[in-house]
Amino acid sequence: VQLQASGGGLVQTGGSLRLSCRASGGTFSRLGFGWFRQAPGKEREFVASISWSGGSTKYVDSVKGRFTISRDNARNTVYLQMNSLKPEDTAVYYCAAGTVFGGTESQYDYWGQGTLVTVSS
């Protein structure tokens, strides 16, 4: 499975971005997906995940109510809609895929290359 993340960029505080993660080479509908992020000088952390059916989602507390993860099985794409962005959301965002979904990196087998999100104050 290959994952291609896109949609990052520079945005002001309070703005919005939508990240996309397109998957190829596997059975998309059987995969769970997660988004992780790594800020400069920090460990990579879990942001959000979605089950293979889309019926279950999880979020880190710091993004609840601001970020929404979704999937479009017809387009083999997972999205992360990010609203009310804050400077502390600045990071490289990675999408990941696996046969299960959750909040830990070890649960995922495949990783994308990352897309940079910068939120200016």
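Just so we're clear, the structure is a prediction, and the values are computed from it rather than from any experiment.
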> Heavy-atom distance under 4.5 Å between the side chains of L17 and V117, does that happen here?
yes
> Got a donor-acceptor contact below 3.5 angstrom from the E45 side chain to the Q38 backbone?
no
> Would you call L80 and V47 a side-chain contact if the rule is heavy atoms closer than 4.5 Å?
yes
> Taking T77 for its side chain and R22 for its backbone only, find out whether a donor-acceptor pair lies under 3.5 Å.
no
> If you measure from CD1 on I69 to OH on Y59, what distance do you get to the nearest 0.5 Å?
6.5 Å
> Can you tell me how far CD of Q81 sits from OG of S16, rounded to the nearest 0.5 angstrom?
6.0 Å
> Given the rule that I, L, V, M, F, W and Y join up when any side-chain heavy atoms are under 4.5 Å apart, are M82 and Y79 in one cluster?
no
> Can you measure from CD (Q107) to OG1 (T99) and round to the nearest 0.5 angstrom?
9.5 Å
> Should D89 and K86 count as an ion pair when the cut-off is N to O under 4.0 Å?
no
> Using the six-membered ring of Y94, assess whether NZ or CZ of R37 lies under 6.0 Å from its centre and within 45 degrees of the ring axis.
no
> Give a yes or no answer on whether the side chain of S106 reaches the backbone of T104 with a donor-acceptor pair at less than 3.5 Å.
no
> Taking the side chain as everything from C-beta on, heavy atoms only, tell me whether P87 gets closer than 4.5 Å to T13.
yes
> For W52 and L31, run side-chain contact (heavy atoms from CB on, under 4.5 Å): C-alpha distance rounded to whole Å, both residues' side-chain angles, the deciding distance at 0.1 Å, then the answer.
CA-CA 5 Å; W52 64 271; L31 295 172; 5.9 Å; no
> How far apart are the closest heavy atoms of V1 and A23, and which atoms are they?
CG1-CB, 4.4 Å
> Establish whether L85 and L10 are linked, either directly or via other cluster members, by ILVMFWY side-chain heavy-atom contacts under 4.5 Å.
no
> Please report whether the ring centroid of F28 lies less than 6.0 Å from that of F33.
yes
> Identify the two heavy atoms, one from L19 and one from Y93, that lie closest to each other, and give their separation to 0.1 Å.
CD1-CB, 3.5 Å
> Go through the steps to decide whether E105 and W111 satisfy the test side-chain contact (heavy atoms from CB on, under 4.5 Å), and finish with yes or no.
CA-CA 10 Å; E105 295 186 32; W111 290 81; 3.8 Å; yes
> To the nearest 0.5 Å, tell me how far R71 CZ sits from N76 CG.
9.0 Å
> Between S49 (side chain only) and G34 (backbone N and O only), is there a donor and an acceptor less than 3.5 Å apart?
no
> Examine R18 relative to W35 and say whether NZ or CZ is less than 6.0 Å from the centre of the six-membered ring and inside a 45° cone about the ring axis.
no
> Nearest 0.5 Å, what's the CG-OG1 distance between L116 and T90?
8.0 Å
> Quick one: pull up CG in N73 and OG1 in T27 and give me the separation to the nearest 0.5 Å.
11.0 Å
> When the aromatic ring centroids of Y108 and F101 are compared, is their separation below 6.0 Å?
no
